[in-house]
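Notes follow once the structure below has been shown.
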Amino acid sequence: MSGARRVAVVGALGRMGERVRAAVEEEPGLVLGAAVEAPDHPGLGNEVAPGVRLGSEVGPALASCDVGIAFATPAATLELLRAAADAGVPAVVGTTGFSEAERSEIEVLAKRVPVVLAANFSVAVNVLFHLARLAADLLGPAYDAEIVELHHGAKVDAPSGTALRLGAAVAEGRGERLADHAILAREGETGPRPAGAIGIQTLRGGDNPGEHSLLFLGAGERLELAHRSATRAHFARGAVRAALWLLGRPPALYDMEQVLGLRS
Ligand code: NAD
């Protein structure tokens, strides 16, 4: 396909990697240029698209591509970002579960190459972040904020990156930081709920691709905002949209709300 920009997909045979490859195929402006998997993946060497064989080395994969997309492990994603910064190739990151140190390294690398990092690439979820910030601002501290998230049993990090981002949006709406108010677990003699707390509860099981509810609990009333995913395809389409948006941008760490024009 002439003129189409080439995409390297890291975690290419994972649940999200499969959807990303399908979304790239549907986008006329993009074509799969490279597919990367773990060094012990049984599919290495197999042809995953015409002329594209599954590899395990991210450096050579990026050399032939215009943009990278990673839905993989934090370690594999950092490997992609280091190679992307060296090669000057922009990258879209959907992986979640980064440690504080890994997150700091991403911020440093994004000074050298443009990166979109989003815990959730769904357009509707990013609108939810926007609404959460607005509702927290309008309702004020008299309404207690609680978040509940549900994901499939194979998810390896908790709470979800989306739940944390939703909590951060509530805190931003109140002019505060999530880290100063988050309660991620309750057990035993907890005492009364601290004023201004933002609770996040995690449910795991089945094959659910992701549900998030944000409750503002007031005296005699409550407001609920909720998003439910029925498939993973919309995350992949969002990541592809972010990849197209990112081409030609200056180095910086962007998020999906910026891709959608919901904030500058
Ligand atoms: P998954 O386990 O199905 O896929 C991850 C893939 O990464 C696997 O195929 C694995 O073999 C591969 N991998 C492991 N080590 C690697 C390496 N060194 N190099 C290349 N590939 C390697 O998981 P998933 O459900 O696809 O989720 C992947 C990540 O994406 C998770 O962090 C998840 O939370 C996140 N996620 C984000 C969004 C979003 O919108 N941002 C949506 C869904 C999932």
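Order of listing sets the numbers, starting from 1, for every ligand and every atom in it. Everything numeric in this text was worked out from a predicted model, so none of it was measured.
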* To do: Measure from atom 11 (O) of ligand 1 to every heavy atom in His234, His41, Glu37, Arg15 and give the option owning the shortest one.
  => Glu37
* Establish, from distance only, whether the side-chain atoms of Glu176 and His181 form a donor-acceptor pair under 3.5 Å. => yes
* Do Val10 and Val31 belong together in a cluster built from hydrophobic side chains that touch within less than 4.5 Å? -> no
* **Ligand-side contact atoms (ligand 1) for residue partner Leu13, heavy atom cut-off under 4.0 Å** => 9 (O)
* N/O separation below 3.5 Å, Val10 to ligand 1 -> no
* To do: Give yes or no for whether the N/O distance cutoff of 3.5 Å, strictly under, is met between Gly17 and ligand 1.
  => no
* Asked: Which is closest to atom 31 (C) of ligand 1 by heavy-atom distance: Gly43, Ser229, Ala72?
  -> Ala72
* Asked: Are the side chains of Arg204 and Lys155 in touch, meaning some heavy atoms are under 4.5 Å apart?
  -> yes
* To do: Name the option, out of Ala38, Ala154, Ala70, that contains the heavy atom nearest to atom 15 (N) of ligand 1.
  => Ala38
* Asked: When you measure from the side chain of Arg193 to the backbone N and O of Ala197, does any donor-acceptor pair fall under 3.5 Å?
  -> yes
* Asked: In terms of hydrophobic clusters joined by side-chain contacts under 4.5 Å, are Leu225 and Leu203 together?
  -> no
* Answer yes or no: does an N/O atom from Pro39 fall short of 3.5 Å to an N/O atom of ligand 1? => no
* Asked: Quick one: is the NZ or CZ of Arg241 closer than 6.0 Å to the six-membered ring centre of Trp245, and within 45° of its axis?
  -> no
* Can a non-hydrogen atom of Ala119 be found less than 4.0 Å from any atom of ligand 1? -> yes
* Asked: Do any heavy atoms of Lys155 fall under 4.0 Å from ligand 1?
  -> yes
* Check side chain to side chain donor-acceptor pair (under 3.5 Å) between Gln201 and all other residues, then give those that pass, not counting sequence neighbours. => none
* To do: Could you list which atoms of ligand 1 come closer than 4.0 Å to a heavy atom of Thr96?
  => 32 (O), 33 (C), 34 (O)
* To do: Would you check the N or O atoms of Ser122, main chain and side chain alike, for any that come under 3.5 Å of an N or O of ligand 1?
  => no
* **Pairing residues for Glu37 by the salt bridge (Lys or Arg N to Asp or Glu O under 4.0 Å) criterion, not counting sequence neighbours** => none
* **Per-atom contacts, ligand 1 versus Thr73 - under 4.0 Å to a heavy atom** => 14 (C), 15 (N)
* **Pair Arg103 + Glu107: basic N to acidic O under 4.0 Å** => yes
* Which atoms of ligand 1 are found less than 4.0 Å from any heavy atom of Ala76? -> 16 (C), 17 (C), 18 (N), 19 (N)
* Numbering the atoms of ligand 1 from 1, which are under 4.0 Å from a heavy atom of Met16? -> 26 (O), 43 (C), 44 (C)
